[in-house]
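Take a look at the structure set out below.
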Amino acid sequence: MTTFMAGPLLLGVRHHGPGSARAVRAALEAATPEVVLIEGPPEADALIPLAAEKDMRPPVALLAHVVDEPGRSAFWPLAEFSPEWVAIRWALEHGVPARFIDLPATHTLAWGNEEEKGTAEEEKEEKEKGEGGEGGKGEKEDGASDRSVDTDVRIDPLAVLAETAGYDDPERWWEDVVEHRGGAGIGADPFAPFTALEEAMGALRETYGVGGHDRDLVREAYMRLQLRAAQREFGDEVAVVCGAWHVPALRQKTTVAADRALLKGLPKAKADMTWVPWTHRRLSRVSGYGAGIDSPGWYGHLFAAPDRPVERWMTKVARLLRDEDRMVSSAHVIEAVRLADTLAAMRGRPLPGLTETTDAVRAVMCEGSDVPLGLVHDRLVVGDVLGEVPQSAPAVPLQRDLARAQKRLRLKPEPMERELELDLRGETDAGRSRLLHRLRLLGVAWGEPTASRGSTGTFRETWRLRWEPELAVRVAEAGVWGTTVLSAATGKAEADAVAAHALADVTALAERCLLAELPDALPVVMRVLADRAALDADVGHLAQALPALVRSLRYGDVRGTDTHALTDVAVGLAERIFVGLPPACAAIDAEAAEHMRRHVDAVHGAVGLLGEPGTAAPGGIRERWHSVLRVLAGRDTVPGVIRGRAVRLLLDDGELGQDEAARLMGLVLSPGTEPGDAAAWIEGFVGGGSGGGMLLVHDERLLGLVDAWLTGVPTEAFTDVLPLLRRTFSAYEAGVRRTLGELVRRGPGARGSAEAAASGIPGFAPDLDPGRADAVLPVLSLLLGLGEAYDDDFAGVAR
């Protein structure tokens with residue numbers, strides 16, 4: 001074995017550094033060690049052979065989590081260009097043992113828990129003593145006091161070296177001294193980069209000590225013990241791949257007793273370890289050994305490009321922009337490369353870096369715009385590459401069941417956000433919907449439902465999907481509820497129902513159980529729902545709970561779910577609302593009245609669904625609701641906004657004639673009514689996004705009443721009613737407001753439609769024009785797919 005210094009071969013690297021990765025590979029090829037030691041949790045030693053399987057594709061991460069508390073976890077991400085991954089692959093290809101030597105995850109995970117507890121206790125003590133300050137707390141967060149050094153600064157070694165060399169950007173410094181000088185230097189002496197980095201880090205450790213990274217003292221003590229054990233077994237034929245910051249500490253001469261003393265009394269927690277897929281985007285996150293990079297896509301390109309990296313990068317950028325319908329030619333690529341080279345020369349850099357290539361792309365391919373440049377940064381500089389792990393990797397039973405379901409439903413996890421349209425009448429799409437709803441109930445937010453385009457029917461769903469690596473932790477956490485997605489979702493729903501406090505929470509849970517098709521959970525949810533509904537006397541709570549419950553009754557049509565168990569509860573809930581709503585609306589202030597108005601709207605919509613055929617609800621439920629609305633509309637103690645809304649709902653349902661609505665409005669807008677109450681009545685009648693603007697457009701009598709009232713409001717009261725009216729009319733669409741303005745300008749209600757037709761106002765005529773009506777029928781029948789045979793029938797209906 002050829003070594004560059006006496007003792008073991010210590011290869012100090014930058015995590016996720018492509019230059020370090022190439023240098024590690026060259027050094028291992030030259031030294032051919034007997035064993036490779038790598039910075040990482042030793043519990044993962046048994047997982048190293050999986051890196052050789054064909055189904056393993058980086059970026060991936062080692063995931064460690066506490067067995068009894070899966071949410072307490074840590075990741076050690078590895079990309080194709082990570083030196084640790086290169087070392088693992090080299091060892092597997094050459095039949096050399098590879099081992100992880102960092103502090104075990106069993107201590108790392110428990111240590112974090114102890115720090116949180118210690119911090120909480122210290123904060124409590126400080127509060128009780130009335131003493132502020134952060135000195136003690138900061139020391140506790142960084143580790144036990146007997147293991148820390150006297151420093152208040154957490155330094156970034158690369159930032160310090162870059163500043164010393166006159167750079168204001170550590171990334172640019174690293175590119176210049178490592179990424180762009182890799183050829184001749186490494187080819188001539190494969191150990192030269194590591195010699196230089198060790199000397200630099202040694203100087204930093206002499207100046208800054210542990211640099212504020214107090215836990216590193218304990219980690220490095222454990223690494224030294226593992227290194228000694230490997231030397232006893234293999235002699236000095238040992239190579240160590242670790243962060244360059246740790247190399248001086250591993251070279252340091254200490255006693256075994258001193259190192260073991262640092263490790264004495266460390267907390268422990270039982271931990272499980274596995275491989276999980278990772279993404280380039282998540283490589284920028286600080287995790288595991290504290291590494292994060294801003295441009296994983298760019299680094300991956302530098303590592304994979306065999307030659308001419310700038311030319312190849314510009315070609316990638318051009319291809320991406322052309323795919324987005326931007327005019328980018330070969331001439332643009334050539335000119336961008338030339339500009340990047342020129343910028344590098346002007347800035348004294350050996351080769352163009354990311355800064356130069358970005359500036360060249362902006363100027364040449366993006367015409368100075370940062371909009372397409374943002375796309376380049378998102379898709380290429382960062383990227384959305386998602387790794388893969390083999391099925392043989394350890395996993396909780398729930399994760400395996402989820403993987404089987406994903407494969408069966410052809411629903412592959414992807415890192416890029418996408419929309420998925422589901423037709424629930426199909427078996428596959430219905431299965432996808434069930435899976436996504438069950439995962440949401442378990443807290444695994446792989447998909448979020450969004451508004452469907454082109455259809456409002458219950459047979460269609462639209463989901464926005466994006467798989468994040470952290471969801472693996474959520475799946476592990478959900479494993480406590482069951483070994484399959486179905487059993488886990490059922491157990492979680494039952495527990496949530498028992499623990500729910502608000503009635504609306506239980507009804508929402510019932511809706512989610514139906515969406516997820518959890519028949520075994522429904523009896524428990526329904527029993528809790530019935531109990532809570534019987535005990536809750538708050539009409540607002542009942543009105544808030546009813547809509548979700550009634551929506552649930554509609555799912556039986558498409559999903560084949562038996563919803564009859566919900567009908568009795570929903571009807572009973574509605575009856576209690578009918579009885580309690582009028583007294584609950586009496587003598588309340590404006591804010592409470594607005595809340596109650598929204599409840600009235602929600603109940604009205606729910607009753608409309610509940611009264612549809614096929615819901616098994618009593619036929620007279622709508623009639624009873626209309627009776628409640630009449631009571632609200634005619635009771636003077638009810639606030640104006642609720643009375644106005646009750647009149648409007650009755651009018652929309654055909655339970656109130658136009659003449660009667662105009663009479664009620666006239667009474668409210670009479671001089672004897674307070675202007676504020678009249679304005680609130682108008683807001684309830686034509687506000688709330690319920691099409692009130694179009695009602696005023698088509699019924700000039702109502703518009704005339706509002707206009708006459710408004711012009712007669714006394715000056716001293718006008719400023720009080722103006723905010724209400726402005727809030728009401730500002731919600732209308734621009735076209736509606738414009739039409740209302742035209743009608744008011746010419747004087748609404750001053751003449752009927754016949755007079756308007758005689759004056760030539762567009763859109764008004766004394767009678768129906770059959771010729772104009774018939775002209776649209778061919779197009780209408782074509783749109784409906786009915787053919788010409790139905791034109792005559794349409795014409796008859798139109799006339």
Side-chain angles (χ1 to χ4, degrees), residues 15 37-48 61-78 84 99-125 136-149 154 210 212-227 229 242-243 245-246 249 256-276 285-291 394-396 399 469-470 472-480:
H15 302 301
L37 307 181
I38 303 167
E39 181 181 337
E43 293 95 335
D45 284 352
L47 303 176
I48 289 178
L62 290 167
L63 164 62
H65 64 84
V66 177
V67 174
D68 298 330
E69 192 180 353
R72 184 170 296 280
S73 60
F75 296 93
W76 286 260
L78 298 171
E84 298 83 359
R99 301 172 183 172
F100 289 112
I101 61 168
D102 202 350
L103 190 69
T106 183
H107 297 308
T108 303
L109 297 173
W111 200 345
N113 194 30
E114 290 296 319
E115 286 178 353
E116 292 177 5
K117 292 179 180 178
T119 301
E121 291 173 358
E122 288 183 1
E123 289 177 345
K124 182 178 179 181
E125 291 176 2
K137 187 174 73 171
E139 183 178 276
K140 190 68 176 178
E141 287 178 343
D142 287 336
S145 59
D146 60 342
R147 299 189 180 102
S148 63
V149 296
R154 293 176 64 86
V210 77
H213 306 273
D214 300 330
R215 185 182 293 188
D216 287 350
L217 293 175
V218 182
R219 295 174 58 201
E220 290 160 355
Y222 188 86
M223 287 191 233
R224 285 192 294 267
L225 291 175
Q226 297 301 104
L227 177 56
C242 65
W245 176 253
H246 304 301
V256 173
D259 287 341
R260 288 178 175 170
L262 286 173
L263 299 170
K264 186 178 181 181
L266 286 179
K268 291 184 178 181
K270 187 177 181 181
D272 274 349
M273 181 79 67
T274 187
W275 289 107
V276 295
R285 294 277 296 273
V286 175
S287 181
Y289 37 63
V396 296
Q399 176 64 59
E470 287 85 349
V473 178
R474 305 283 83 80
V475 174
E477 287 181 303
V480 301

Q: Tell me, please, which residues at least two apart from Trp245 pass side-chain hydrogen bond (donor to acceptor under 3.5 Å, both in side chains).
A: Asp216
Q) Distance from Leu63 atom CG to Leu47 atom CG, nearest 0.5 Å? A) 10.5 Å
Q: Measure across Arg224 and Ala249 and return the closest heavy-atom pair with its distance rounded to 0.1 Å.
A: NH1-O, 3.0 Å
Q. Are the side chains of Arg215 and Thr108 in touch, meaning some heavy atoms are under 4.5 Å apart?
A. yes
Q.
Just to verify, what does Ala61 make a side-chain contact (heavy atoms from CB on, under 4.5 Å) with, not counting sequence neighbours?
A. Phe75, Pro77, Val276, Trp278
Q: Indicate yes or no for a side-chain donor-acceptor contact from Glu84 to the backbone of Gly40 under 3.5 Å, with no hydrogens or angles considered.
A: no
Q. Who pairs with Lys268 by side-chain contact (heavy atoms from CB on, under 4.5 Å), at least two apart in sequence or on another chain?
A. Thr106, His107
Q. Which heavy atom in Ala105 sits nearest to a heavy atom in Met273, and how many Å separate them?
A. CB-CE, 4.0 Å
Q. Do side-chain atoms of Arg72 reach the backbone of Ala110 as a donor and acceptor pair under 3.5 angstrom?
A. no
Q: Check whether any side-chain N or O of Glu39 sits under 3.5 Å from a backbone N or O of Gly243 as a donor-acceptor pair, and report yes or no.
A: yes
Q: Output all residues satisfying side-chain hydrogen bond (donor to acceptor under 3.5 Å, both in side chains) with Glu477, sequence neighbours left out; order by chain, then residue number.
A: Arg474
Q.
Please enumerate all residues that pass side-chain hydrogen bond (donor to acceptor under 3.5 Å, both in side chains) together with Asp272, with sequence neighbours excluded.
A. none
Q.
If the condition is side-chain contact (heavy atoms from CB on, under 4.5 Å), which residues does Gln226 pass it with, not counting sequence neighbours?
A. Ile101, Tyr222
(Q) Restricting to side-chain hydrogen bond (donor to acceptor under 3.5 Å, both in side chains), what partner residues turn up for His65, sequence neighbours left out? (A) none
Q: For residues Phe100 and Pro41, report the shortest heavy-atom separation together with the two atoms involved.
A: CB-O, 3.3 Å
(Q) With rounding to the nearest 0.5 angstrom, report the CG to CG distance, Asp259 to Leu262. (A) 6.5 Å
Q. Are any of the side-chain nitrogens in Arg219 or Asp102 under 4.0 Å away from the carboxylate oxygens of its partner?
A. yes
Q: Indicate yes or no: at least one non-hydrogen side-chain atom of Trp275 is less than 4.5 angstrom from one of Leu78.
A: yes
